[in-house]
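Contents: one structure, followed by commentary.
Source: prediction; values computed, not measured. Whatever order the structure lists ligands and atoms in, that order sets their numbers, starting from 1.
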Amino acid sequence: MIYTVTLNPALDRTLVVDRLMEDDTVRVREETCYAGGKGIDVSRVIRELGGHSVALGFVGGYGGSHLEGLLINAGVLTDFVRIGGETRTNIIVKEAETGRQFVLSAAGPEVRAAEIGALYHHILGLPDMDHMVLSGSLPRGVSPSVYGQLVLAARRKGAFVVLDADGEALREALNYRPHCIKPNRHELSRLVDRDLSSQEEIVAACRDIHRSGVPFVLVSRGKEGLILSCAEGPAIRAVGPPVQVDSTVGAGDSAVAGFVLAHWRGQGLEECIRLACAAGTATAMTPGTELCHRRTVEEILPQVVVEMLPEG
Ligand SMILES: Nc1ncnc2c1ncn2[C@@H]1O[C@H](COP(=O)(O)OP(=O)(O)OP(=O)(O)O)[C@@H](O)[C@H]1O
Ligand SMILES: O=P(O)(O)OC[C@@]1(O)O[C@H](CO)[C@@H](O)[C@@H]1O
């Protein structure tokens with residue numbers, strides 16, 4: 001089974017307006033609400049692509065019940081720990097006239113130490129853990145060392161662990177050797193403490209990370225696709241076809257979902273990065289925080305160009 005962990009889930013509410021204006025009523029033309037947060041997005045895309053996972057993490061209050069209900073309706077299995085605080089709502093405002101999009105990300109509830117302990121023990125007791133995806137920002141009250149502890153727990157249970165985090169949380173977790181991390185270029189630059197722009201610089205940074213015991217680094221690069229750097233063997237690059245982009249929110253999570261699902265199915269690394277790229281590209285074509293559609297992913301899949309990079 002694939003498990004995903006979202007420590008700070010969110011209801012993602014997208015409001016479409018004609019144009020934001022000061023000192024006047026701005027009417028909302030359309031409104032959508034999805035269960036969000038990075039690990040939850042991964043679970044939703046895995047389901048859309050025909051796979052199964054269990055979404056873990058913290059939910060609380062009416063927002064938490066709403067989020068859980070949305071996931072159940074979407075056919076996503078859930079096994080959350082309930083907390084005293086209220087699950088956050090993130091607001092995305094899209095201006096129909098200009099195409100501009102504003103993402104307002106809420107801090108979310110404070111999580112108590114006892115609640116973190118409950119999640120940790122819950123994870124230790126889970127059966128059949130093949131893959132574990134740890135994704136997203138940390139809620140208030142949770143120390144940056146938490147991902148390291150969760151990586152360790154999942155590794156002890158024999159899982160292949162994928163981590164999509166940033167800053168101190170990512171840096172600390174590397175000591176516990178997740179099998180794969182998924183930074184974008186900016187996250188990778190922060191991690192190695194130097195500016196990375198060219199493909200060669202990115203691959204060299206990944207090589208540094210392999211030396212700390214992480215066998216795979218999947219770097220997402222927006223419309224330039226993805227690079228999968230492997231501790232053993234050449235790096236692989238995937239680039240999708242040109243598409244009409246609407247909103248890239250959730251594209252990175254969709255790429256993680258494609259990679260993990262293909263890996264869970266036992267497919268080779270080239271097929272894993274191909275599905276990652278197709279899912280990310282298909283999500284970039286949907287509005288707001290809507291994620292990819294299976295039919296679009298299947299159309300894009302054969303158009304993704306996958307190639308081995310020369311070893312340097
Ligand atoms: N503008 C785009 N055009 C085509 N494909 C895109 C575009 N943006 C993203 N993608 C696809 O989605 C993948 C993941 O996107 P991106 O690199 O933006 O991840 P990210 O920065 O982690 O995103 P987020 O944190 O918003 O989920 C890319 O590697 C690419 O395959
Ligand atoms: O605040 P975090 O945890 O970094 O990210 C949360 C979030 O922006 O990530 C997803 C898109 O990647 C959205 O569903 C959600 O609102």
List the closest protein heavy-atom neighbour of [atom]: residue, atom name, distance to the nearest 0.1 Å.
atom                    : value
atom 26 (O) of ligand 1 : T248 O, 3.6 Å
atom 22 (O) of ligand 1 : K182 NZ, 2.7 Å
atom 4 (C) of ligand 1  : K223 CA, 3.8 Å
atom 7 (C) of ligand 2  : K38 NZ, 4.1 Å
atom 15 (O) of ligand 1 : A251 CB, 3.5 Å

Taking only heavy atoms of [X] into account, list the atoms of ligand 2 that are under 4.0 Å away from them.
X    : answer
G36  : 14 (O)
R88  : 1 (O), 2 (P), 3 (O), 6 (C)
V249 : 11 (C)
G250 : 11 (C), 12 (O)
D253 : 10 (C), 11 (C), 12 (O)
S105 : 1 (O)
G136 : 3 (O)
S137 : 1 (O), 2 (P), 3 (O), 4 (O)

Any N or O on A255 sitting closer than 3.5 Å to an N or O of ligand 1?
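Not met; the criterion fails.
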Does either side chain, that of [X] or that of [Y], offer a donor lying less than 3.5 Å from an acceptor on the other one?
X    : Y    : value
E172 : S145 : no
R237 : Q199 : yes
K182 : S220 : yes
S229 : H210 : yes
S53  : T4   : no

What do we get for T289 next to ligand 2 when only non-hydrogen atoms under 4.0 Å count, side chain, backbone, both or neither?
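None of T289 does.
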Structural part of [X] in contact with ligand 1, heavy atom criterion under 4.0 angstrom:
X    : answer
N184 : side chain
V245 : side chain
K38  : side chain

What is the distance from atom [atom1] of [X] to atom [atom2] of [Y], rounded to the nearest 0.5 Å?
X    : Y    : atom1 : atom2 : result
H179 : M132 : NE2   : CE    : 12.5 Å
M1   : M129 : CE    : CE    : 11.0 Å
I83  : L119 : CD1   : CG    : 10.5 Å

I'd like to know whether E290 forms a side-chain hydrogen bond (donor to acceptor under 3.5 Å, both in side chains) with T32, so could you lay out the CA-CA distance, the side-chain angles of the two residues, the decisive distance to 0.1 Å, and finally the verdict.
CA-CA 9 Å; E290 194 177 321; T32 51; over 6 Å; no
Stepwise side-chain hydrogen bond (donor to acceptor under 3.5 Å, both in side chains) test for S197 and E201
CA-CA 7 Å; S197 44; E201 287 170 337; 3.3 Å; yes
Do the rings of H263 and H131 sit parallel, tilted or perpendicular, given the 30° and 60° boundaries?
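Answer is perpendicular, since the angle exceeds 60°.
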Salt bridge (charged side-chain N to carboxylate O under 4.0 Å, His left out) between D41 and R44: does it pass, once the steps are laid out?
CA-CA 5 Å; D41 283 356; R44 285 175 50 211; 3.6 Å; yes
Hey, which atoms in ligand 1 end up nearer than 4.0 Å to a heavy atom of [X]?
X    : result
D253 : 27 (O)
G250 : 26 (O), 27 (O)
G252 : 14 (C), 15 (O), 19 (O), 20 (P), 22 (O), 23 (O), 24 (P), 27 (O)

Between [options], which one has a non-hydrogen atom sitting closest to [atom]?
atom                    : options            : result
atom 30 (C) of ligand 1 : S220, G222, A284   : G222
atom 29 (O) of ligand 1 : P242, G280, G225   : G225
atom 16 (O) of ligand 2 : L7, L11, V103, D12 : D12
atom 10 (C) of ligand 2 : D41, I92, D166     : D41

Are H186 and ligand 1 in contact, using a heavy-atom cut-off of under 4.0 Å?
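For ligand 1, residue contact (heavy atoms, under 4.0 Å) with H186 is absent.
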Does the residue G240 have a heavy-atom contact with ligand 1, meaning some pair of atoms that are separated by less than 4.0 Å?
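No heavy atom of G240 comes that close to ligand 1.
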From the options T289, L70, I91, N90, select the one residue that forms a side chain to side chain contact (heavy atoms under 4.5 Å, CB included) with L11.
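Answer after filtering T289, L70, I91, N90: L70.
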Membership question, hydrophobic clusters at under 4.5 Å side-chain separation (ILVMFWY): are L126 and W264 in the same one?
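Unlinked, W264 and L126 end up in two clusters.
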Salt bridge between D18 and R27, side-chain N to carboxylate O under 4.0 Å?
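Judged by the 4.0 Å cut-off on N to carboxylate O distance, D18 and R27 do not form a salt bridge.
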Residue pair G51 / L261: nearest heavy atoms and the distance that separates them
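For G51 and L261, the tightest heavy-atom pair comes out as CA-CD1, 3.9 Å.
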